[in-house]
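Written out below as structure tokens is the structure these notes cover.
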Amino acid sequence: MSTTFQLDTSTSRANPTPKPLRRLTVPRIRARKKDGVTDDPLVMLTAYTARQAQLLDTHCDLLLVGDSLGQVIYGLPSTIPVTMEMMANHGAAVVRGSYHSVVVVDMPFGSYESSPEQAFESAAFLLKETGAAAVKLEGGEAMAPTIDFLNSRGIPVMGHVGLTPQAVNVLGGYAARGRSDAEASKIVSDAVALDQAGAFAIVIEGVVEPIAIAATETVSCPTIGIGASAKCDGQVLVTEDMLGMFERVPRFVKKYEDIAGLIEKTVATYAGEVRSRAFPGEAQTYQPKN
Ligand code: KIV
């Protein structure tokens, strides 16, 4: 599938409502942090589908097609099994459903770690297939040469440090990072390495707050926190988590709604109406024309 298939807004039931705005660009996102200060914090949410992208788009600066779709959409136990095809298909859908936010696609585990050349091939495939503007990859200092390689060949990269879920088998779980001095200084030096390599922004996930603040104050590009600090230059959450689609969410998630409860209630009403033959009613039934 490719982004060259545009949404047909005359027939799609997922019509974009507001008038198209001009899409933000990576340099404009990067420039939101000036001389170490971000007056207008960056708003990022995950999106995996076209309709979800339409609903989030005007409220966000960035839409992240996160590899968290492995758990959220596919019911996988971690992000490890996520494939390039999954990222390409969902990335293309999100680009089709948005016109304002910068769309960033996660590079899945195994698609970029072995060499900068492997990373370039994978990232180029994702940008071509989706129409997204940038990729995100996980890892610290070891990934700096790869970020430099991609950036200097036309591929903007968002970094991701701290709790890096693709490394769950090395980290041994999803606990917050940066509690020991060694871990704390490694997270800050990782962020500095990515910044110097040309990352246009860096996600800081699941770290104790002073480390998130230290990294934010040290790097020149914007930091985007998740389980980090309100003092980061922006914030991201998994949309389904903040909407209340799941009972169990990490502690750093604020549930802004109870969408799971709303869905269950609505489906129970539907099921009751089907069973009592109250649905379909007259309004939903075709009769012969006289
Ligand atoms: O995959 C993802 O959704 C992410 C965010 C949680 C930062 O990487």
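Model, not experiment: these values are computed from the prediction.
- Within the 4.5 Å cutoff, the side chain of V43 has no heavy atoms near those of the H59 side chain.
- Linking ILVMFWY side-chain heavy atoms closer than 4.5 Å, directly or via other members, places F252 and V208 in a single hydrophobic cluster.
- Residues A191 and V161 come closest through the heavy atom pair N-CG1, 4.3 Å.
- A heavy-atom distance below 4.5 Å is not found between the side chains of D61 and M44.
- Counting heavy atoms from C-beta on, the side chains of E257 and M242 never come closer than 4.5 Å.
- Side chain of R177 to backbone of G206: no donor-acceptor contact under 3.5 angstrom is found.
- Across every non-hydrogen atom of I211 and A184, the tightest pair is CD1-CB, 3.2 Å.
- Between M84 and E129, every side-chain heavy-atom pair lies at or beyond the 4.5 Å cut-off.
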Give the table of side-chain donor-acceptor pairs shorter than 3.5 Å for residues 219-239, with sequence neighbours excluded, one pair per line with atom names and distance.
| residue | atom | partner | partner atom | Å |
| --- | --- | --- | --- | --- |
| S220 | OG | R30 | NH2 | 3.2 |
| S220 | OG | D195 | OD1 | 3.0 |
| S220 | OG | D195 | OD2 | 3.0 |
| T223 | OG1 | T216 | OG1 | 2.8 |
| T223 | OG1 | D233 | N | 3.3 |
| T223 | OG1 | D233 | OD2 | 3.3 |
| S229 | OG | E209 | OE2 | 2.6 |
| S229 | OG | K231 | N | 2.9 |
| D233 | OD1 | T38 | OG1 | 2.8 |
| D233 | OD2 | K33 | NZ | 2.9 |
| D233 | OD2 | T223 | N | 2.8 |
| Q235 | NE2 | S229 | O | 2.7 |
| T239 | OG1 | T46 | O | 2.5 |

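- With hydrogens and angles disregarded, no donor-acceptor distance shorter than 3.5 Å links the side chain of E273 to the backbone of Y270.
- Side chain of Q52 to main chain of Y48: a donor-acceptor pair is present (N/O by atom type, distance under 3.5 Å, no hydrogens or angles).
- Within 6.0 Å of the CD atom in E247, the count of heavy atoms belonging to other residues, nucleotides or ligands does not exceed 12.
- For the pair I29/F200, a side-chain contact is recorded, criterion being any heavy-atom separation below 4.5 Å from C-beta on.
- Looking at heavy atoms from C-beta onward, V168 lies in side-chain contact with Y174 at the 4.5 angstrom threshold.
- At least one side-chain heavy atom of T79 sits less than 4.5 Å from a side-chain heavy atom of Q71.
- Remark: F246 pairs with no residue by the ring-ring contact (aromatic ring centres under 6.0 Å, His included) rule, at least two apart or across chains.
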Contacts table for residues 146-156: side-chain donor-acceptor under 3.5 angstrom, sequence neighbours left out:
| residue | atom | partner | partner atom | Å |
| --- | --- | --- | --- | --- |
| N151 | ND2 | G198 | O | 3.3 |
| S152 | OG | D148 | O | 2.8 |
| S152 | OG | F149 | O | 3.2 |
| R153 | NH1 | F149 | O | 3.2 |

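- For S101 (side chain) and D57 (main-chain N/O), a donor-acceptor pair under 3.5 Å exists by modelled atom type.
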